[in-house]
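Within every chain, numbering begins at 1; the chains are lettered A, B, ... in the order of the sequence lines, protein sequences first and strands thereafter. Bear in mind the structure is a predicted one, so any value in this text is a computation, not a measurement.
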Amino acid sequence: MPELPEVETTLRGIAPHVVGRKIREIIVRERRLRWPVPAEVEELAGQRIESARRRGKYLLLRTARGTLLLHLGMSGSLRVIDPASPWRKHDHLAFQMESGRQLRFHDPRRFGCALFLPQDDDSHPLLRDLGPEPLGDDFSADYLFEKSRGKSIAVKHFIMDSKVVVGVGNIYACESLFIAGIRPTKAARKVTRESFSKLVTAIRKVLSASIEMGGTTLRDFLREDGEPGYFKQSLRVYDRKDQPCLRCKTAVKRIVSGQRSTFFCPNCQK
DNA sequence: AAAACTACCTGAGTGC
DNA sequence: TGCACTCAGGTAGTTT
């Protein structure tokens, strides 16, 4: 599923094919995404895409007339393909570029969205309250420490809150907490500055490593689904219930926290 | 205000 | 083989 690294990979993959290029036609086959695709999206036909950027898991393609905001939800993907490619089930949108290439949006579960923003700034409600980028300078141990004071919420849930920091999904939250040696259920307010320091390092490490893997699949993902199958191999605790902890051999535990599967080593994570 | 919970959706997997 | 069921996931929106 598209986590932050995969969205970043998608951005890097599509950018050369869309930035500086004109959209000839926009085809909407299924308007019922998370929110109905507004008519303004189709009105971007004829516009040139001036830039492409990512904010959290949102992709923003700017034109002189307004900005296209895309989110891949849980099952979405964007591919640059030959326009003659047959429409697959769940291919909902297509952006036919004047270059001849076509950008196609595929999303079985339709948790993704395609919206129109009048301006390319972060004032839109979906972007306005987002926390810092985990790989940016504003994300630090001090920031997390201050932000978490007085919060009884589980630290795992805390770092998965996009108002706290963007792009940390269930899998990366589990992995980062394992590396940092922090129990996922620990109240955020009880996590020390030192532990947050380890956590920040861990989050950066996990995301960066994953982006690099995404980089490896960059060439393939234009053709295939872009699902990096080998990412699973590098997971340390996620989906490893009852298997030995890679550090101490204790059986990995699976619990449900905040209605999400949570994996941790009861010995290494205090 | 903060925390907890719900809804949205489909495909994969499981058990009968 | 097929049916009924559960689960996964991001996040906006609602309820406690």
Parallel, tilted or perpendicular: ring planes of A:F158 versus A:F196, cut at 30 and 60 degrees: tilted

Per-pair stack call A:F111 and C:dT11, 5.5 Å, 30°: no

Which part of the nucleic acid does [X] contact within heavy-atom distance under 4.0 Å: base, sugar-phosphate only, or nothing?
X	result
A:L72	nothing
A:K163	nothing
A:R128	nothing
A:H157	nothing
A:F158	nothing

Under 4.5 Å side-chain linkage, directly or through intermediates, the cluster mates of A:L130: A:W35, A:Y58, A:L60, A:L69, A:L115, A:L117, A:L126, A:L127, A:V166

A:M74 side chain, from C-beta outward: closest of B:dA3, C:dG10, B:dT6: C:dG10

Candidates B:dC9, B:dA3, C:dG13 - which lies nearest the side chain of A:R110: B:dC9

Distance-only polar pair, side chains of A:N170 and A:K156, donor-acceptor under 3.5 Å: yes

Between A:D121 and A:S123: side-chain donor-acceptor atoms closer than 3.5 Å: yes

Protein-nucleotide distance (A:K147, atom NZ; B:dA3, atom P), rounded to Å: 12 Å

Distance in angstrom units between A:R254 CZ and C:dT6 C1', rounded: 11 Å

Check: B:dA7 base within 3.5 Å donor-acceptor of A:R34 side chain: no

No-H, no-angle donor-acceptor pair, A:R260 side chain to C:dG10 base, under 3.5 Å: yes

